[in-house]
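Reading through the structure tokens given below for one structure.
Just so you know, these numbers come straight off a predicted model, no measurement behind them. Remember, it's 1-based here, ligands and their atoms both numbered in the order they're listed. Heads up: numbering here begins at 1 and tracks the sequence.
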Amino acid sequence: MKLLIATQNQHKLEEFRRLFATVPLIGLDQFPRFIMPEETGETFQENALIKAQAGFDQTGVPTLADDSGLVVEALNGRPGVHSARYVEGTDKDRYLALLQEMVGQSNRGAFFTTVLALVGAETSKPVAQPLKRVGHAIVTQGYVHGAIADTAAGVNGFGYDPIFRLPSGENMAELSPEEKMRCSHRGEAAGFMAPFLRKIF
Ligand code: ITT
């Protein structure tokens with residue numbers, strides 16, 4: 001049995017291939033007629049469930065989806081669920097716009113979070129924290145806390161990684177892929193999901 005990762009973001013797919021190295025993953029390239037649903041939810045969990053449900057409904061393959069983003073204290077939680085759509089353009093356009101919006105802000109606290117939703121691979125057995133059952137789905141959530149840096153640094157990762165400063169003093173984009181997986185929001189959410197997946201796949 002295979003597990004579909006319902007994402008159009010190739011960076012996320014690469015991270016999942018690293019995180020779930022023993023699970024037979026497939027991407028949306030196997031389903032050219034797949035239509036990504038609109039992310040109409042107001043929370044990361046709602047959007048992860050929308051994407052995972054769409055994957056399973058359209059393909060019949062057990063599906064894992066990720067909804068994630070950057071939550072900035074001084075911006076009342078923005079860009080949050082709208083991280084991918086914060087401004088038009090590239091990842092760089094978005095992180096430069098965010099740096100600009102943060103000029104003069106003394107409170108630089110921020111976190112990344114990922115919600116993972118798994119649909120179509122449920123068992124009837126009860127699940128315990130940190131796994132959560134939401135309807136037919138299994139859900140996990142991970143976090144990494146840090147700050148918005150004053151300037152961008154690093155070339156690894158994607159999205160807002162160049163401007164996210166970790167408590168160690170490094171920006172996320174300065175970490176190797178392995179180091180990022182050990183400390184990141186996606187690494188934590190995947191770590192919670194992994195034992196459950198290993199029992200099925
Ligand atoms: P899919 O919906 O197809 O999975 P997406 O990129 O649109 O791809 P989201 O709606 O979950 O995914 O938006 C997440 C955005 O948050 C993403 O585009 C990045 O800008 C940012 N983001 C998420 N995880 C990140 C990470 O590990 N490092 C840096 N930025 C991240």
Side-chain angles (χ1 to χ4, degrees), residues 3-19 25-29 31 34-55 58-59 63-72 75 77-99 101 110-119 139-149 152-166 170-191:
L3 176 65
L4 172 64
I5 304 290
T7 182
Q8 288 172 327
N9 183 324
Q10 290 310 304
H11 300 283
K12 283 187 186 178
L13 184 59
E14 276 167 35
E15 292 192 358
F16 285 121
R17 288 201 189 285
R18 208 175 277 281
L19 287 162
L25 302 184
I26 52 174
L28 288 173
D29 57 319
F31 301 96
F34 178 80
I35 298 168
M36 197 55 147
E38 255 189 79
E39 294 183 30
T40 51
E42 284 172 14
T43 63
F44 294 107
Q45 180 172 303
E46 283 169 16
N47 284 334
L49 289 167
I50 288 170
K51 290 185 268 190
Q53 190 68 52
Q58 292 183 44
T59 69
T63 301
L64 185 78
D66 162 315
D67 199 62
S68 47
L70 178 62
V71 176
V72 181
L75 305 181
R78 284 191 302 113
V81 289
H82 303 295
S83 292
R85 299 159 272 166
Y86 169 58
V87 295
E88 290 284 312
T90 62
D91 279 358
K92 186 169 181 185
D93 295 325
R94 281 183 277 282
Y95 75 64
L96 288 178
L98 188 60
L99 276 186
E101 200 178 349
F111 64 88
F112 277 123
T113 187
T114 290
V115 173
L116 296 184
L118 175 68
V119 171
V139 169
T140 61
Q141 183 160 17
Y143 299 89
V144 56
H145 291 268
I148 303 302
V155 296
N156 295 332
F158 69 99
Y160 299 88
D161 283 343
I163 63 161
F164 187 79
R165 201 179 67 237
L166 293 156
E170 289 167 298
N171 288 9
M172 189 75 104
E174 296 182 283
L175 302 187
S176 69
E178 293 76 17
E179 287 167 335
K180 179 179 174 185
M181 292 310 92
R182 277 199 290 276
C183 74
S184 80
H185 50 313
R186 189 163 294 102
E188 185 175 56

Flag, side chain of Lys12 to backbone of Asp66, donor-acceptor distance under 3.5 Å: yes
Contact atoms of ligand 1, heavy-atom distance to Met36 under 4.0 Å: 3 (O)
Ile50 to Glu38 - nearest heavy-atom pair and separation: CG2-O, 3.8 Å
Side chain Asn47, main chain Gly41, donor-acceptor under 3.5 Å: yes
Numbering as shown, the atoms of ligand 1 that approach Gln8 to under 4.0 Å (heavy-atom distance): 1 (P), 3 (O)
CD/Glu88: more than 12 non-hydrogen atoms of other groups inside 6.0 Å: no
Protein residue, atom and distance nearest to atom 22 (N) of ligand 1, heavy-atom basis: Phe158 CE1, 4.0 Å
Parallel, tilted or perpendicular, as decided by the 30° and 60° cut-offs, for the rings of His185 and Phe112: parallel
Single hit among Glu170, Glu188, Glu15, Glu174 for salt bridge (Lys or Arg N to Asp or Glu O under 4.0 Å) with Lys180: Glu15
Backbone N/O of Val72 and side chain of Arg78: donor-acceptor pair under 3.5 Å: no
Sub-4.0 Å atoms of ligand 1 with respect to non-hydrogen atoms of Lys12: 1 (P), 4 (O), 5 (P), 8 (O), 9 (P), 11 (O), 12 (O)
Side chain, backbone, both or neither: Phe112 near ligand 1, heavy atoms under 4.0 Å: side chain
Thr7: numbered ligand 1 atoms lying under 4.0 Å from its heavy atoms: 1 (P), 3 (O), 4 (O), 8 (O)
Contact check, His11 vs ligand 1, heavy-atom distance below 4.0 Å: no
Check: Asn156 side chain, Leu175 main-chain N or O, donor-acceptor pair, under 3.5 Å: yes
Ligand-residue contact atoms, ligand 1 with Asp161, heavy atoms, under 4.0 Å: 26 (C), 28 (N), 29 (C)
Ligand 1 N/O within reach of Ser68 N/O, cut-off under 3.5 Å: yes
Heavy-atom pair with the smallest gap, counting every atom of Pro79 and Leu98: CD-CD1, 4.3 Å
Atoms in ligand 1 with a heavy atom of Asp67 nearer than 4.0 Å: 9 (P), 10 (O), 11 (O)
Best match, Gly80, Pro162, Ala84, Ser184: closest heavy atom to atom 13 (O) of ligand 1: Ala84
Heavy atom of Gly69, distance to ligand 1 below 4.0 Å: yes
Check: Thr140 side chain, Ala189 main-chain N or O, donor-acceptor pair, under 3.5 Å: yes
For atom 24 (N) of ligand 1, the protein heavy atom that lies nearest, with its residue and separation: Arg186 NH2, 2.9 Å
For Asn9, the ligand 1 atoms whose distance to one of its heavy atoms is below 4.0 Å: 3 (O), 6 (O), 8 (O)
Heavy-atom pair of closest approach, residues Ser68 and Arg186: OG-NH2, 3.1 Å
Lys180 touching ligand 1 at heavy-atom level, < 4.0 angstrom: yes
Which residue and heavy atom of the protein sit nearest atom 16 (O) of ligand 1, plus the separation: Ser83 CB, 3.3 Å
Gln53 (side chain) donor-acceptor with Leu49 (main chain) under 3.5 angstrom: no
Which residue and heavy atom of the protein sit nearest atom 20 (O) of ligand 1, plus the separation: Tyr160 CE1, 3.2 Å
Option set Gly187, Ala48, Gly159, criterion heavy-atom distance to atom 19 (C) of ligand 1, minimum: Gly159
Plane angle bin for Phe158 and His11 - parallel if under 30°, tilted between 30 and 60°, otherwise perpendicular: parallel
Those atoms of ligand 1 less than 4.0 Å from some heavy atom in Glu39: 2 (O), 10 (O)
Heavy-atom gap Lys51 to ligand 1 smaller than 4.0 Å: yes
Sub-4.0 Å heavy-atom contact, His185 with ligand 1: yes
